[in-house]
Each structure stands twice: as C-alpha cells, then as structure tokens.
Number of protein chains: 2
Amino acid sequence: MSTRAAPPPHTGSRPGGRSARIRAAVHRAVEELLTDEADEPLTIPVVAARAGVHATTVYRRWGSVGELLTDVATSRFSGDIVVPDTGSLREDLERYASDLAKDLNDPDTLPLVRATIGTAGDQGASACTGERRQQLQAMLERDQARGNQTPTVERVTDAVIAPLYYRAVFTDQALTPEWTRGLVTNLLPD
Amino acid sequence: MSTRAAPPPHTGSRPGGRSARIRAAVHRAVEELLTDEADEPLTIPVVAARAGVHATTVYRRWGSVGELLTDVATSRFSGDIVVPDTGSLREDLERYASDLAKDLNDPDTLPLVRATIGTAGDQGASACTGERRQQLQAMLERDQARGNQTPTVERVTDAVIAPLYYRAVFTDQALTPEWTRGLVTNLLPD
DNA sequence: CCATTAACGCATCGATCACTGCGAGAATCA
DNA sequence: TGATTCTCGCAGTGATCGATGCGTTAATGG
C-alpha cells in the first residue's frame with residue numbers, strides 16, 4: 001500500500017500501547033453513541049463513561065467535542081479508501097463512487113458526518129471530505145496521461161461527489177448502485 | 001422599529017402580537033449566536049438571554065435546541081424563494097440556482113445549516129432543503145408542457161442543487177455566479 | 001366591555017458539565 | 001535494566017443546564 005496511514009494527529013510524542021488503546025476505545029464510544037437511538041447528548045463525560053475512560057483524559061487529549069469529532073471523522077475518512085486503477089477512467093470512477101456510496105451508507109457514517117459538521121465547523125467539514133480531491137486528481141492525471149479528454153477535478157466533484165454527499169446528508173433516499181453508476185454515466189456520456 | 005415581516009400563523013392557537021414578537025426575537029438571537037465568532041454553546045439559556053426572554057418560555061415553546069433550529073431553518077428556507085417563470089427552462093434554472101447560491105452565501109446561512117443538520121438530524125436536514133423538490137418540479141412541468149425534452153427532478157437535483165449545497169457546506173470555495181451558471185450549462189448542453 | 005385562558009415572567013432545585021491539582025502507572029531512552 | 005517523563009486515574013469545585021410550580025400579563029371570543 002502506497003499511502004501509509006498518518007500517525008495520530010495529536011503530536012504524538014508517545015503513541016504507546018495504552019494511548020492507542022484508549023484512543024480506539026474513545027473513537028468506538030463516539031461511534032456507538034452516534035448510532036444509538038437513545039438521544040444521549042454526546043458530551044465528554046458520556047463518551048468517557050462508555051469508553052471506560054475517565055473524562056479527564058478525554059478533556060486533556062481532545063479538549064472539546066468538536067476536536068474529538070474531527071479526529072474521529074479524519075481517521076474514518078482517511079484510511080479506508082483505495083484509489084482504483086483499472087486503466088479506464090469510467091471504471092475507476094464507478095468503483096470509486098461505489099466505494100464512497102457504500103461508505104456513506106454505513107449506519108455509522110451519516111450521524112458522524114452530521115455531528116461533525118454541526119459541531120466542528122470548517123475543520124470538521126474538511127475532515128469529512130478527507131482527501132477526495134487528491135484521490136480524484138490521481139485518477140484524472142492517469143487518464144490524461146493516456147491522452148484522453150479528461151474532465152476537471154471540479155467537474156467530477158460537482159457531478160459525482162456532491163450528489164453522493166447531498167443525498168446522504170440532506171435526503172432520506174438510498175444510495176443505490178444504479179443511481180451511483182448513473183452519476184458517472186451522466187458525467188461521461190458515450 | 002416596526003418590522004412587520006408578515007407573521008405567518010404557523011402553529012399555536014394564539015399567534016398574537018406578543019408571541020410573534022418573542023418568536024422573532026428568539027429566531028434573531030439564534031442567527032446572531034450562530035454568526036458570532038464567540039463560540040458560545042448555543043444553548044437555550046444563552047439564546048433566551050440574548051433574545052431578552054426568559055429561558056422558561058423557550059423551553060416550553062420549542063422544547064429543545066434541535067426543534068428550535070428546525071423551526072429557524074424552516075422559516076429561513078420556506079418563505080424567501082420565488083420560483084422563476086421566464087418561459088425558458090435554462091433561464092428559470094439559472095435564476096433559481098443564482099438565488100439559491102446567493103442564499104447559501106449569506107453569512108448567516110452556512111452556520112445555520114450546519115448546526116441544524118448536526119443537532120436536529122433528519123428533521124433538520126429536510127428543513128434545510130425546504131421545498132426545493134416541489135419548486136423544481138413546478139419549473140420542469142412547465143417546460144414539459146411546452147413540449148420540450150425535460151430532465152427529471154432527480155437529475156436536476158444531482159446536477160444543480162447538490163453541488164451548491166456540497167460546496168457551501170463541505171468546502172470553503174466561494175459560490176461564484178460563473179460556477180453556478182456552469183452547473184446549469186453542464187445539465188442542459190446546447 | 002368583560003370573562004376566559006393561553007402564554008410569559010419569576011424563583012428555585014437537582015443533575016450534569018467543564019475544569020484543575022496531585023499522585024500513580026506505563027512507555028521510552030540511556 | 002534504571003531513570004525520566006509522558007499519560008492517565010482520582011477527588012473535588014464553581015458554573016451552568018434543564019425542568020417545575022405558581023402568580024401575572026395579555027390575547028381571544030362573546
């Protein structure tokens with residue numbers, strides 16, 4: 001794998017076993033609380049209690065709920081995605097869009113995105129988009145190197161990324177595979 | 001100052017002068033707090049204090065911050081928009097998209113949208129989209145009645161509405177008029 | 001114009017939150 | 001391995017939140 005996962009955003013001077021364990025427990029507690037129907041207020045004492053960690057630790061490591069959510073969203077949207085490289089831009093985009101749709105369909109993801117952009121502002125929003133721009137650019141540059149007429153990053157963002165996020169966040173319609181594939185088809189007509 | 005903004009008899013059995021005045025003050029306080037850089041926690045006592053109203057009133061009328069935000073977002077996204085009717089679908093969509101872009105560029109709007117979908121969940125999200133689907137459908141039906149080949153509501157949503165919302169909420173790029181017009185051009189090529 | 005009643009102001013209470021020293025335990029480096 | 005220091009657990013505190021009971025004000029209908 002070419003893209004090695006970034007070290008903890010917290011200037012980790014000691015990412016030892018215990019710290020990593022606590023970090024994982026807190027992240028898991030946040031995701032569980034977000035998916036739980038019990039409308040618990042998602043506050044630091046609640047997160048800490050569910051994670052089996054003392055609230056002081058969470059306050060010191062993350063400081064606020066916004067930074068905690070940003071951290072969770074960052075690690076959620078940075079590691080999993082693998083940029084396809086099939087030799088065809090259409091195929092690449094279809095796979096990429098399908099992966100993104102699958103990701104956004106995950107029951108954990110939608111509440112996380114909503115809470116993050118609602119609590120963490122600009123920083124949280126950019127954490128939710130992750131590195132999609134760079135990933136798109138990689139696919140487009142490969143296609144351009146093949147000598148094809150390649151759309152811009154902006155165009156692909158508007159035609160593929162934006163509808164996926166919009167439909168997931170603002171509507172209750174499902175992100176079906178057919179609809180997702182249709183986005184690429186509308187962008188790249190035969 | 002007598003800003004009679006046409007108090008609509010939204011809900012309640014007694015929409016008298018005082019209730020409307022309080023409602024307007026609370027709405028205004030929410031918007032001010034959302035735009036203020038002072039990261040005040042946007043809680044009911046804070047909103048009530050800034051509105052010059054006692055917190056008990058806000059608790060009883062709205063119940064929670066989520067419902068309050070949903071109410072603010074609903075009245076923010078329901079009244080202002082006028083569906084264009086120029087006789088040309090392209091012209092209609094360009095005006096509609098331009099109005100929407102102007103609306104989303106308002107410094108009040110972005111924090112309101114983010115906070116609403118982050119706090120009020122599905123209900124808040126649908127409040128932020130308002131009645132766009134019906135408005136789109138009205139324009140499309142008129143175009144279809146003219147005997148043209150009209151795109152579907154879904155297609156227009158994906159091509160115009162979604163990029164506007166996505167760019168406003170998730171990125172820090174500006175919603176320029178040229179880019180907004182380009183969305184319609186990509187949807188309706190000559 | 002007056003009775004009715006919905007809506008608001010006020011005082012208050014328990015629960016929880018955000019935060020802070022201080023000591024103990026674990027990870028890192030010599 | 002031993003010393004250092006980064007990190008976590010613990011107990012406690014002021015502040016604020018969410019909610020309730022009661023009296024008062026004002027909007028509504030006859």
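Throughout, protein chains are lettered first and strands after them, A, B, ... in sequence-line order, and every chain is numbered starting at 1.
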Do the side chain of [X] and the main chain of [Y] share a donor and acceptor less than 3.5 angstrom apart?
X	Y	result
Tyr96(B)	Glu91(B)	no
Thr185(A)	Arg181(A)	yes
Asp103(B)	Asp99(B)	no
Tyr165(B)	Cys128(B)	yes

Salt bridge check, [Y] against [X]: does any charged N sit closer than 4.0 Å to a carboxylate O?
X	Y	value
Glu154(A)	Arg167(B)	yes
Asp143(B)	Arg146(B)	yes
Asp36(B)	Arg50(B)	yes
Arg76(A)	Asp106(A)	yes

Open item on the list: Expected output is a numbered-order residue list: members of residues 44-54 of chain B with a heavy atom under 4.0 Å from any atom of DNA chain D. What is it?
Closed with: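 Contacts with DNA chain D under 4.0 Å: Ile44(B), Pro45(B), Val46(B).
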Separation of atom [atom1] in [X] from atom [atom2] in [N], rounded to whole Å:
X	N	atom1	atom2	answer
Arg60(A)	dG25(C)	CZ	C1'	14 Å
Arg23(B)	dA27(D)	CZ	C1'	17 Å
Glu40(B)	dA18(C)	CD	P	16 Å
Ile22(B)	dT25(D)	CD1	P	15 Å
Trp62(B)	dG18(D)	CH2	P	15 Å
Arg21(B)	dA7(C)	CZ	C1'	13 Å
Arg61(B)	dA27(D)	CZ	C1'	13 Å

- [ ] State whether Ser64(A) places a side-chain N or O below 4.0 Å from either non-bridging phosphate oxygen (OP1 or OP2) of dA18(C).
- [x]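 For Ser64(A), the contact criterion (side-chain N or O under 4.0 Å from OP1 or OP2 of dA18(C)) is not met.
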Open item on the list: Less than 4.0 angstrom between a side-chain N/O of Tyr59(B) and OP1 or OP2 of dG18(D), yes or no?
Closed with: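 Yes, within the criterion.
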Open item on the list: Pairs counted only when both distances fall under 3.5 Å, Watson-Crick or G-U: show me the 5' to 3' dot-bracket for DNA chain C, [ ] for pseudoknotted crossings and | for other-strand partners.
Closed with: ||||||||||||||||||||||||||||||
Open item on the list: Let me spell it out: for each of Ala55(B) and Thr43(A), pick the nucleotide of DNA chain C with the closest heavy atom. Which residue's pick is nearer the 5' end?
Closed with: Ala55(B)
Solution key, residues 117-124 of chain B side-chain donor-acceptor pairs under 3.5 Å, sequence neighbours excluded:
residue, atom, partner, partner atom, Å
Thr119(B), OG1, Ala115(B), O, 2.8
Asp122(B), OD1, Arg114(A), NH1, 2.8
Asp122(B), OD1, Arg114(A), NH2, 3.2

Task: Nearest-nucleotide pick for Thr56(A), side chain only, options being dG9(D), dT20(C), dC8(C) - done: dT20(C)
